[in-house]
Amino acid sequence: MLGGLPEGCLNAPGPGRRWRYSGPTVKPSPTLSLDETRARQVLLLRAFEADDSPPWTAADRDWATRVARASLADDAGAARFVPERAHHAMQRLAQRDAGVRAALKARFAARPWALVALLAGLVLGLAVDQIGPAQRINLLAPPIWALVAWNLVVYLMVVVQALMPAAAARGLRAWLQRLWRTRVGKGAPLQRFAVDWAAATAPLDAARAAWLLHLAAAALAVGVVGGMYLRGLVLDYRAGWESTFLDAARVQPVLQALLAPASALTGIAVPDTAALAAQQLAPGQAAQAPAAPWLHLYAATLALFVIGPRLLLALWALTRIGWLRRHVAVAVDEPYFQQLLQLAEGRSAAVWLLPHAVPPAAAVALAVQGQLTALTGGAGQLRLADALPFGAEDDAARCTPPPGTTRVLVLVDLAATPEAEVHGRLLATLAASAGGTRRVLLADETAFAQRMGHAPERVAERRQAWQQLADAGGVPLVTAALGAASPAAAQALQRALGD
């Protein structure tokens with residue numbers, strides 16, 4: 001249902017930009033780009049409005065629409081109308097629901113988490129027991145090579161993630177959904193918000209996680225370097241190497257290649273083959289060569305391959321965090337947002353009249369069309385569906401409104417006895433298939449009122465029964481003798497069709 005979606009809502013429209021009607025062209029994954037605070041408000045309001053949740057009534061919806069329109073210029077555009085409406089709505093909704101207040105206040109504590117990451121990495125690096133057994137550094141197997149190798153694997157994973165971001169974020173998104181579900185309330189709207197928010201902010205949360213991990217990894221390497229030098233101040237480390245299969249002629253080129261960047265940085269040369277052969281240890285022999293040059297080379301290696309790259313990656317992640325906080329993508333390819341976009345653009349209303357059990361009388365259809373024309377200045381469109389027979393209340397295909405529908409009127413006869421197994425099931429099916437499209441239960445009492453004219457209390461009882469079913473289904477009820485050309489019928493239809 002992407003036809004008719006304004007081009008301006010695709011991928012970060014600028015504030016105040018005038019949107020153009022795009023016709024039936026289908027565009028993939030249309031999104032509205034908002035800052036983190038506005039996106040949170042929009043998705044929270046959507047969670048409550050899409051399900052017609054009790055804390056947020058139809059009157060509240062209309063109030064938020066009117067306030068948003070009044071606070072914006074005529075040419076503000078939907079890019080500002082949708083978040084502005086949500087911003088005003090939160091003023092009321094937050095007062096009524098503690099879960100909404102908690103969700104609005106929830107923030108990522110960047111500084112405390114960064115401090116934890118730095119301290120954890122630094123302490124862990126310093127806590128490394130020793131760089132070699134018995135104060136001896138084995139040149140072929142110092143622990144830092146494992147640290148360098150692990151970071152090289154991480155860099156490869158970063159490249160893979162950049163090439164396949166969707167696959168990399170799938171697991172994180174599932175974890176974030178579970179996390180947010182535990183942080184917000186147990187109500188259905190808040191649980192829906194948790195799922196939507198985790199999906200919308202998955203790139204942002206991934207950037208935050210990457211930032212913390214890069215900081216921790218850099219701090220770990222700094223701790224290892226610091227530990228080497230601190231121990232070197234009070235302990236006399238010696239260097240040597242031993243191998244069953246390798247000799248100095250083969251070991252020297254390997255160390256030369258591995259330590260070449262560090263050697264170029266520090267100006268410390270890797271010993272030649274003869275000098276390296278003198279440092280080879282026999283079984284049980286103690287190392288004698290000074291370890292200081294090697295410690296300098298290993299520290300420079302960690303600086304070049306771990307500390308420097310990790311700090312650069314952390315800086316890049318921090319830059320992405322700043323950008324993503326200002327550009328949270330909210331998908332608007334569903335009926336709820338399409339209705340809001342139509343409100344913002346002032347596009348023509350499209351009303352879907354769904355009769356249940358029997359087709360509407362011609363006078364009723366004409367009355368609905370007449371009031372719609374009067375309310376919209378002739379721009380409204382009435383779409384009349386075939387009568388939905390008994391037993392088809394679960395048929396989602398027949399209960400799905402046409403694309404672009406702004407309001408669904410479910411037409412029933414007041415004479416029918418309201419049944420949760422029939423009419424309640426129909427309202428539930430519409431709630432799932434119509435998304436956030438406004439739904440109204442419209443009861444025609446023309447025939448019933450004529451038949452029960454001698455017993456007005458029976459008419460009142462039947463109205464009350466339908467009102468209870470409408471309340472249970474989360475939709476407003478409008479009753480009137482729709483077939484009669486009367487002021488009461490006109491006012492009832494205006495309530496059903498009006499904002």
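All heavy atoms count here, side chains included; hydrogens, waters and symmetry mates do not.
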A.B. asks: Determine whether a donor-acceptor pair (N or O, by modelled atom type, separation under 3.5 Å) exists between the side chain of Thr405 and the backbone of Pro401.
C.D. replies: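 Absent.
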A.B. asks: Do the side chains of Leu497 and Leu409 get nearer than 4.5 Å, heavy atoms only?
C.D. replies: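 Yes. Closest side-chain heavy atoms under 4.5 Å.
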A.B. asks: For Tyr155, check ring pair (Phe, Tyr, Trp, His ring centres under 6.0 Å) against everything at least two apart and list the hits.
C.D. replies: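 So Tyr155 forms no ring pair (Phe, Tyr, Trp, His ring centres under 6.0 Å) with any residue.
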A.B. asks: Check this for me: does any side-chain nitrogen of one of Asp196 and Arg46 sit under 4.0 Å from a carboxylate oxygen of the other?
C.D. replies: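 Arg46 and Asp196: salt-bridged.
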A.B. asks: Taking only residues two or more places apart in sequence or in another chain, which ones pass side chain to side chain contact (heavy atoms under 4.5 Å, CB included) with Arg250?
C.D. replies: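 Arg250 satisfies side chain to side chain contact (heavy atoms under 4.5 Å, CB included) with Leu246, Asp247 only.
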A.B. asks: Keeping the roles fixed (side chain from Arg40, backbone from Ala106), state whether a donor-acceptor pair exists under 3.5 Å.
C.D. replies: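 Confirmed, Arg40 side chain pairs with Ala106 backbone.
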A.B. asks: Could you tell me which non-hydrogen atom of Ala94 sits nearest to which non-hydrogen atom of Val100, and how far apart they are?
C.D. replies: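 Between these two residues, the closest heavy atoms are CA-CG1, 3.9 Å.
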A.B. asks: State the CG-OG1 distance between Asp395 and Thr400, to the nearest 0.5 angstrom.
C.D. replies: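 Going from CG on Asp395 over to OG1 on Thr400, the span is 8.5 Å.
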A.B. asks: Check whether the side chains of Arg407 and Thr437 place a donor and an acceptor atom closer than 3.5 Å, and report yes or no.
C.D. replies: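 There is no such pair (donor and acceptor under 3.5 Å, judged by atom type) between the side chains of Arg407 and Thr437.
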A.B. asks: Among residues at least two apart in sequence or on other chains, which ones pass salt bridge (charged side-chain N to carboxylate O under 4.0 Å, His left out) with Arg96?
C.D. replies: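 Expected list: Asp60.
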A.B. asks: What distance do Leu104 atom CG and Thr37 atom OG1 have between them, rounded to the nearest 0.5 Å?
C.D. replies: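 Here the interatomic distance stands at 9.0 Å.
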A.B. asks: Could you tell me which non-hydrogen atom of Ala299 sits nearest to which non-hydrogen atom of Val225, and how far apart they are?
C.D. replies: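 Looks like CB-CG1, 3.9 Å.
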A.B. asks: Quick one: list whatever passes side chain to side chain contact (heavy atoms under 4.5 Å, CB included) with Ala110, sequence neighbours left out.
C.D. replies: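 Counting only residues at least two positions away or on another chain, Ala110 forms a side chain to side chain contact (heavy atoms under 4.5 Å, CB included) with Phe108, Trp211.
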A.B. asks: Parallel, tilted or perpendicular, judged at 30° and 60°: which one describes the rings of Trp323 and His327?
C.D. replies: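 The arrangement is parallel - the two ring planes meet at less than 30°.
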A.B. asks: Could you report the tightest heavy-atom contact between Pro83 and Val42, atom names first, then the distance?
C.D. replies: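 Shortest heavy-atom contact: CA-CG2, 3.7 Å.
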A.B. asks: Is it true that a side-chain atom of Ser433 and a backbone atom of Cys399 form a donor plus acceptor pair closer than 3.5 Å?
C.D. replies: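 Judged by distance alone, yes, a pair lies under 3.5 Å.
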A.B. asks: Do Trp145 and Tyr298 come within less than 4.5 Å of each other through their side chains, counting heavy atoms only?
C.D. replies: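 Result yes, sub-4.5 Å side-chain heavy-atom pair found.
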A.B. asks: Is the backbone N or O of Ala350 less than 3.5 Å from a side-chain atom of Thr406, with the two atoms forming a donor-acceptor pair by type?
C.D. replies: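 Checked: pair present.
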A.B. asks: Please enumerate all residues that pass side chain to side chain contact (heavy atoms under 4.5 Å, CB included) together with Ala428, with sequence neighbours excluded.
C.D. replies: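 Per chain and number, Ala428 pairs via side chain to side chain contact (heavy atoms under 4.5 Å, CB included) with no residue.
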A.B. asks: Can you tell me how far the CG atom of Leu324 sits from the CD1 atom of Ile321, to the nearest 0.5 Å?
C.D. replies: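 So the gap between those two atoms works out to 8.0 Å.
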A.B. asks: Of all the heavy-atom pairs spanning Ala248 and Pro253, show the shortest one and how long it is.
C.D. replies: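 Taking Ala248 first and Pro253 second, the nearest heavy atoms are O-CD, 4.4 Å.
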A.B. asks: Going from CE on Met90 to CZ on Arg85, what distance comes out if it is rounded to the nearest 0.5 angstrom?
C.D. replies: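 Answer for the CE-CZ pair, Met90 versus Arg85, is 9.5 Å.
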A.B. asks: Minimum heavy-atom separation for Ala219 and Ala117, please, with both atom names.
C.D. replies: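 In terms of heavy atoms, the two residues are closest at CB-O, 4.4 Å.
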A.B. asks: Do Trp63 and Arg92 have side-chain heavy atoms sitting under 4.5 Å apart?
C.D. replies: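 With C-beta onward as the side chain, the pair touches.
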A.B. asks: Ala109: what forms a side chain to side chain contact (heavy atoms under 4.5 Å, CB included) with it, not counting sequence neighbours?
C.D. replies: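 So Ala109 forms a side chain to side chain contact (heavy atoms under 4.5 Å, CB included) with Pro112, Trp113.
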A.B. asks: Using side-chain heavy atoms (C-beta onward) and a distance below 4.5 Å, is Trp294 in contact with Leu259?
C.D. replies: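 Touching, per the 4.5 Å side-chain cut-off.
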A.B. asks: Show your reasoning for whether side chain to side chain contact (heavy atoms under 4.5 Å, CB included) applies to Val408 and Val410.
C.D. replies: CA-CA 6 Å; Val408 176; Val410 183; 4.2 Å; yes
A.B. asks: Looking at Arg325, I want to see if its CZ is surrounded by more than 12 non-hydrogen atoms of other residues, nucleotides or ligands under 6.0 Å.
C.D. replies: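 Not more than 12 within 6.0 Å, no.
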A.B. asks: Calculate, to the nearest 0.5 Å, the distance between atoms OG1 and CG belonging to Thr201 and Leu43 respectively.
C.D. replies: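 It is 9.0 Å, given to the nearest 0.5 Å.
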A.B. asks: Which pairs of donor and acceptor atoms, one on a side chain in residues 269-276, lie under 3.5 Å apart (sequence neighbours left out)?
C.D. replies:
residue	atom	partner	partner atom	Å
Asp272	OD1	Ala274	N	3.3
Asp272	OD1	Ala275	N	2.8

A.B. asks: Does any part of the side chain of Leu126, heavy atoms only, come nearer than 4.5 Å to the side chain of Leu122, both counted from C-beta?
C.D. replies: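 Yes, side chains in contact.
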A.B. asks: Within this structure, what is the CG-CZ distance for the pair Leu313 and Arg320, rounded to the nearest 0.5 Å?
C.D. replies: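 It is 12.0 Å, given to the nearest 0.5 Å.
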A.B. asks: Give the minimum heavy-atom separation between Arg238 and Pro290, together with the two atoms involved.
C.D. replies: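 Looks like NH1-N, 3.6 Å.
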A.B. asks: Looking at residues at least two apart in the chain, or sitting in another chain, which of them share a salt bridge (charged side-chain N to carboxylate O under 4.0 Å, His left out) with Glu84?
C.D. replies: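 Arg38.
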A.B. asks: Taking side-chain hydrogen bond (donor to acceptor under 3.5 Å, both in side chains) as the test, write out the residues that go with Gln256, two or more places apart.
C.D. replies: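 Here the qualifying residues are Gln252.
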A.B. asks: Hey, is Glu49 close enough to Arg438 for a salt bridge, meaning N to O under 4.0 Å?
C.D. replies: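 Result for this pair is no, no salt bridge flagged.
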A.B. asks: Got a sec, which residues hit ring pair (Phe, Tyr, Trp, His ring centres under 6.0 Å) with His88, two or more places apart in sequence or on another chain?
C.D. replies: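 Listed in chain order: nothing, the list is empty.
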A.B. asks: Carefully, step by step, assess Arg310 and Asn151 under the rule side chain to side chain contact (heavy atoms under 4.5 Å, CB included).
C.D. replies: CA-CA 9 Å; Arg310 286 289 196 159; Asn151 278 272; 2.7 Å; yes
A.B. asks: Is the shortest side-chain heavy-atom distance between Val224 and Ile144 below 4.5 Å?
C.D. replies: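 Yes - at least one pair of side-chain heavy atoms lies under 4.5 Å apart.
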A.B. asks: Could you list the residues that satisfy ring pair (Phe, Tyr, Trp, His ring centres under 6.0 Å) with Trp150, not counting sequence neighbours?
C.D. replies: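 Checked Trp150 against ring pair (Phe, Tyr, Trp, His ring centres under 6.0 Å); zero matches.
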A.B. asks: Quick check: do Leu93 and Pro55 have side-chain heavy atoms less than 4.5 Å from each other?
C.D. replies: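 Result yes, sub-4.5 Å side-chain heavy-atom pair found.
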A.B. asks: Under 3.5 Å, side-chain donor or acceptor atoms of residues 301-309 against the rest of the protein: list the pairs with distances, not counting sequence neighbours.
C.D. replies:
residue	atom	partner	partner atom	Å
Thr301	OG1	Leu297	O	2.8

A.B. asks: Taking the side chain as C-beta and beyond, is there a heavy-atom pair between Leu204 and Arg208 under 4.5 Å?
C.D. replies: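 They are in contact (side-chain heavy atoms under 4.5 Å apart), so the answer is yes.
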